[in-house]
Amino acid sequence: MLELRLVQGSLLKKVIEAIKDLVTDANFDCSATGLSLQAMDSSHVALVALLLRSEGFEHYRCDRNISMGMNLNNMSKMLKCAGNDDIITIKGDDGGDTITFMFESPNQDKISDFEMKLMDIDSEHLGIPEAEYHAIVKMPSSEFSRICKDLSSIGDTVVISVTKEGVKFTTRGDIGTANIVCRQNKTIDKPDEATIIEMNEPVSLTFALRYLNSFTKATSLSESVTISLSSDLPVVIEYKIADMGYIRFYLAPKIED
Amino acid sequence: KPKQQILSRFFAPK
């Protein structure tokens, strides 16, 4: 028996919108810890890891660990039927082949339930070891999104370099080149608008902008984004989900042939 | 042109 009641239902709507273009089908793993997901894109270049901790739900019942395979496009269709202010409850039975999404309007005058078919998904879980990163950049998520969008109109790849000077995003295309440097900026009142650069060593890595732009679909989940970089490791782009957990995207770097 | 690497080069299956 599974019953998860999420008062801020819009969070689930946003999470699915953030990952559905990257991943088609995924197993949602439910345990006492929370609801989690790990899935790779079809080319195995990018990975999304999601955690919604049990404490973040108003009611959380998960009698045994279960893995529920869902088509994210179908899930998105159903969750789009929930209002942004709705409370969403996810219900399932052990061994069942469907899951039910129940939507309650804030004043309880409309209650809907949508039953979705589950699917068997063979998914490979990767072990992601804890790593010491050479540099960790925290910046406003909207700023990161803007940079990725702007640069992708000029080039296909971006070089992200962190030095004492700041974090530099560089691209090159047929029409020319672009460099955007963001310096550390802690002096403003609002911490969400700060850019904070922790650097142990300078690092410079190349990534496909197509994937980074896809990750920025999570921008509305968090005011800030954390970019963790180490040479010869996938970059981690993390959006914290207030009081609940995170959505992390891992992207393998490109290397010179 | 730089070559795209895949994740299994960095992370092993669990």
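Convention: sequence-line order gives letters A, B, ...; per-chain numbering from 1. The figures that follow rest on heavy atoms only: side chains count, while hydrogens, waters and symmetry mates do not. Because the structure is a prediction, the values reported are computed rather than measured.
The closest donor-acceptor contact from the side chain of Gln5(B) to the backbone of Asp232(A) lies at 3.5 Å or more, if one exists at all.
Put simply, NZ on Lys1(B) and NZ on Lys254(A) are 6.5 Å apart, with the number rounded to the nearest 0.5 Å.
For a heavy-atom cut-off of 4.5 Å, chain B lies close to no residue in residues 26-36 of chain A. Scanning residues 204-213 of chain A against chain B with a 4.5 Å heavy-atom cutoff picks out Thr206(A), Ala208(A), ordered by number.
Contacts between Glu256(A) and chain B at a heavy-atom distance below 4.5 Å involve backbone atoms as well as side-chain atoms. Within the 4.5 angstrom heavy-atom criterion, atoms from both the backbone and the side chain of Phe11(B) approach chain A. The part of Asp156(A) that comes within reach of chain B is its side chain, from C-beta onward, which places non-hydrogen atoms under 4.5 angstrom from that chain.
Note: Ile255(A) leads Ile255(A), Leu233(A), Leu126(A) in heavy-atom pairs under 4.5 Å with chain B.
Around atom CG of Asp120(A), no more than 12 heavy atoms belonging to other residues, nucleotides or ligands sit under 6.0 Å away.
For the side-chain contact (heavy atoms from CB on, under 4.5 Å) criterion with Leu7(B), the lone passing option out of Leu47(A), Ile128(A), Leu251(A), Val45(A) is Leu47(A).
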